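These notes concern the structure reproduced below.
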Amino acid sequence: MEANRGQNGIQLLLAAEQEAQHIVNTARNAKMARLRQAKEEADKEIAEFRAHMEAEFQRKLTESSGDSGANVKRLEHETKAKIGHLKTEASRISHDVVQMLLKHVTAVKN
């Protein structure tokens, strides 16, 4: 009987060990599944964030490019207006400047 009881105790210990191993394996598998899921969620969030930031960058790039074209046109218009004003002023005072230069060049000083 004593041997039978010892054998029964060993069988119980082996069964308990197998059950514990099963519980540990189940927990390990659940942990690995959760880690995979967390990685997939993180990858998805990263992709969404990257897409959002890229869209924002492209929007700002488009806005600044559009402004650049408008600025170029505005600057060309302003430049043409200033050149026209300078030509008008030069033609208006050129006769006076020529007369002043002739006066100073032909004046004899001792």
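All residue numbers refer to positions in the sequence shown, counting from 1. The structure displayed is predicted, hence computed values, not measured ones.
Surrounding CZ of R59 are more than 12 heavy atoms belonging to other residues, nucleotides or ligands, all under 6.0 Å away. Other residues, nucleotides and ligands place more than 12 heavy atoms under 6.0 Å from the CD atom of E41. More than 12 heavy atoms of other shown residues, nucleotides or ligands fall within 6.0 angstrom of atom CD in Q37.
One finds the CZ atom of R28 at 8.5 Å from the NZ atom of K31 (value rounded to the nearest 0.5 Å). Remark: Q99 CD to D96 CG distance equals 8.0 Å, nearest 0.5 Å. Remark: T26 OG1 to Q21 CD distance equals 10.0 Å, nearest 0.5 Å. Interatomic distance, H104 NE2 to K109 NZ, rounded to the nearest 0.5 Å: 8.0 Å. Between the CD1 atom in I46 and the CE atom in M53 there is a gap of 14.0 Å [rounded to 0.5 Å]. Expressed to the nearest 0.5 Å, how far CG of D43 lies from CZ of R50 amounts to 10.0 Å.
Taking the side chain as every heavy atom from C-beta outward, H52 and E48 never approach each other to under 4.5 Å.
Partner I83 forms a side chain to side chain contact (heavy atoms under 4.5 Å, CB included) with one of K80, H85, K87 and no other, that one being K87.
Among all heavy-atom pairs drawn from L102 and T106, the shortest one is O-OG1, 2.6 Å.
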